[in-house]
Amino acid sequence: MAAVQSTTTTAPQRILMGPGPSDVDSRVLAALSAPIVGHLDPYFLRVMDEMQSMLREVFRTKNELTLAVSGTGSAGMETCVVNLIEPGDRMVVGVNGVFGTRMADVATRAGAEVTTIERPFGEVFNADEIAEVVARVKPKVVGLIHAETSTGALQPIEEISRVVHDAGALLLIDTVTSLGGVPVEIDAWNVDAVYSGTQKCLSCPPGLAPVSFSAAALEVMDARKTKVASWYLDMSMVRNYWGGKRAYHHTAPINMNYALHEALRLVLEEGLENRFDRHRQNHLALCAGLEALGIQYAVPADHRLPQLNAVVIPAGVEDAAVRKQLLSEFGIEIGGGLGPMAGKTWRIGLMGAASSNRNVLLLLAALERCLT
Ligand code: PLP
């Protein structure tokens, strides 16, 4: 019998300072290797209940329908869209980066009549322009990206939520990169549907997508005339497993759920406000250091994401060569630009466990070496 060929048996130890995944605490990695139990085991059902209640705390919501979808952040995006949209429904999507473009694509595939409102990459939307488009289009749903990972911009939500609801629409937001790093206030902002991912500021491996739906969103979902386009992501069935009946739908990824459970415990042990403050302080330290190296931010200071620093690659510096050197010499991963920002920006993540003073200093020292 031929021997199985394997070039690597041990994954390298990296310092993950890109757009995600971020570094993962050893407690979360240990949770991944805990004994597997059945998806209806009383122990696992307790884990699910605790996770739902921790997710409500992290999303700052009382929404009953709050759970972790099996799949990465994009599965969360599809879940929200396909459960709210029926063929022919109108949806407005804010496109100011790669993930807004993706949401518009997902909505089109779900059969929505999509109207995009666009802003150059790095900019954010204001309430007046959203008011104008919702008055004109009269959509069922408005979708926005709270933290555009492709550009490093933070979209203010509260005032926009008011104009969306005044027009009788539902508000859907993407918090894949924001959750656990900057305030996300689902109830206070009156958000109807939200999804996130595990691998950014929650510092868990990729694999689950926390979602939450308001009572108004549930009413719309319960009044559907057509079946949800995706069997796997149909909340009318998935919620019977996460809720009272515990009806089998699909086999939950047990150990991924252990990992998220532990990651959420870590978030709440630290405290949300402390965590936001840590992200802010490390961002400010990085910002000061980058300025000293002559590196400029690609996004205006008033809507910069502390956890995703998009910076302009200095003239004459070769993007890929620097990122390669950072990885091979220092074990540090940073991200390149996406879409129109490719080759022009670096994306430096300070997410979750990776948002530390130590990482800021390490990166600045390593970057200085690569640039001289
Ligand atoms: N939305 C945003 C803002 C993201 O940053 C990402 C991933 O980077 C996604 C959606 C998609 O998530 P995933 O890659 O986990 O499917």
Side-chain angles (χ1 to χ4, degrees), residues 16-24 59 68-82 93-107 109-110 116 119 121-125 142-157 171-184 186 191 193-212 230 232-233 253 256-257 259-260 263 279 298-299 303-310 333-339 341-342 345-352 354-355:
L16 294 175
M17 300 183 72
S22 63
D23 289 341
V24 173
F59 274 132
V69 169
S70 308
T72 64
S74 305
M77 185 188 281
E78 299 230 39
T79 298
C80 290
V81 172
V82 297
V93 181
V95 175
N96 56 347
V98 166
F99 294 103
T101 310
R102 184 177 300 182
M103 192 191 283
D105 185 12
V106 167
R109 288 164 190 249
T116 57
R119 273 271 186 184
F121 278 34
E123 294 185 11
V124 292
F125 298 97
V142 175
L144 290 172
I145 309 298
H146 184 218
E148 230 323 332
T149 328
S150 63
T151 68
L154 179 65
Q155 172 65 58
I157 298 294
L171 179 62
L172 156 63
I173 65 168
D174 173 317
T175 63
V176 170
T177 283
S178 48
L179 193 68
V182 288
V184 170
I186 295 310
V191 172
V194 59
Y195 60 90
S196 190
T198 47
Q199 75 273 26
K200 312 268 185 176
C201 296
L202 298 180
S203 266
C204 184
L208 293 176
V211 296
S212 184
S230 161
Y232 193 66
L233 303 174
M256 262 317 299
N257 278 281
L260 180 57
H279 280 84
V299 175
H303 55 263
R304 270 179 207 159
L305 280 171
Q307 62 272 52
L308 197 280
N309 298 261
E333 177 185 282
I334 66 165
L338 275 189
M341 289 171 130
T345 58
W346 286 319
R347 292 179 302 148
I348 304 172
L350 288 171
M351 296 179 176
S355 175

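Start at 1 and go down the list; that is how both ligands and their atoms are numbered.
The protein atom (non-hydrogen) at minimum distance from atom 1 (N) of ligand 1 is D174 OD2, 2.6 Å. Annotation: atom 9 (C) of ligand 1 to nearest protein heavy atom, F99 CE2, 3.4 Å. Shortest contact from atom 15 (O) of ligand 1 to any protein heavy atom: Q199 NE2, 2.7 Å. Remark: minimum distance from atom 8 (O) of ligand 1 to any protein heavy atom is reached at K200 NZ, 2.6 Å.
Contact analysis leaves H146 out of contact with ligand 1, as no non-hydrogen atom separation drops below 4.0 angstrom.
When heavy-atom distances to ligand 1 are checked against a 4.0 Å cut-off, A147 comes that close only through its backbone atoms N, CA, C and O. When heavy-atom distances to ligand 1 are checked against a 4.0 Å cut-off, E148 has no atom that comes that close, whether in backbone or side chain.
Interface of T149 with ligand 1, defined as ligand atoms under 4.0 Å from a residue heavy atom, comprises 2 (C), 3 (C), 4 (C), 5 (O). Each of the following atoms of ligand 1 lies closer than 4.0 Å to a heavy atom of T177: 5 (O). Interface atoms of ligand 1 facing G73, defined by a heavy-atom separation under 4.0 Å, are 12 (O), 13 (P), 15 (O), 16 (O). Taking every heavy atom of R102 and a limit of under 4.0 angstrom, the matching atoms of ligand 1 come to 11 (C).
In plain terms, the two heavy atoms of V176 and D174 that are nearest each other are N-OD1, 2.9 Å. Nearest heavy atoms, G73 versus Y195: O-CD1, 3.7 Å. Contact between S70 and A75 at its shortest, heavy atoms only, is O-CB, 4.3 Å. In terms of heavy-atom proximity, A298 sits nearest to T345 at CB-CG2, 3.9 Å. Contact detail for L202 and G180: the closest heavy-atom pair is CD2-CA, 4.3 Å. In this structure, E148 and F99 approach most closely via the heavy-atom pair OE2-N, 2.9 Å.
When side chains are defined from C-beta on, L172 counts as touching M103, because their heavy atoms get closer than 4.5 Å.
Remark: side-chain polar atoms of H146 are not paired, donor with acceptor, to backbone N or O of T177 under 3.5 angstrom. In this structure, S22 contributes its side chain and C201 its backbone to no donor-acceptor pair below 3.5 Å.
Counting heavy atoms only, S74 comes closest to atom 16 (O) of ligand 1 of the residues A75, G71, S74.
Considering backbone and side-chain atoms together, Y195 places no N or O closer than 3.5 Å to any N or O of ligand 1.
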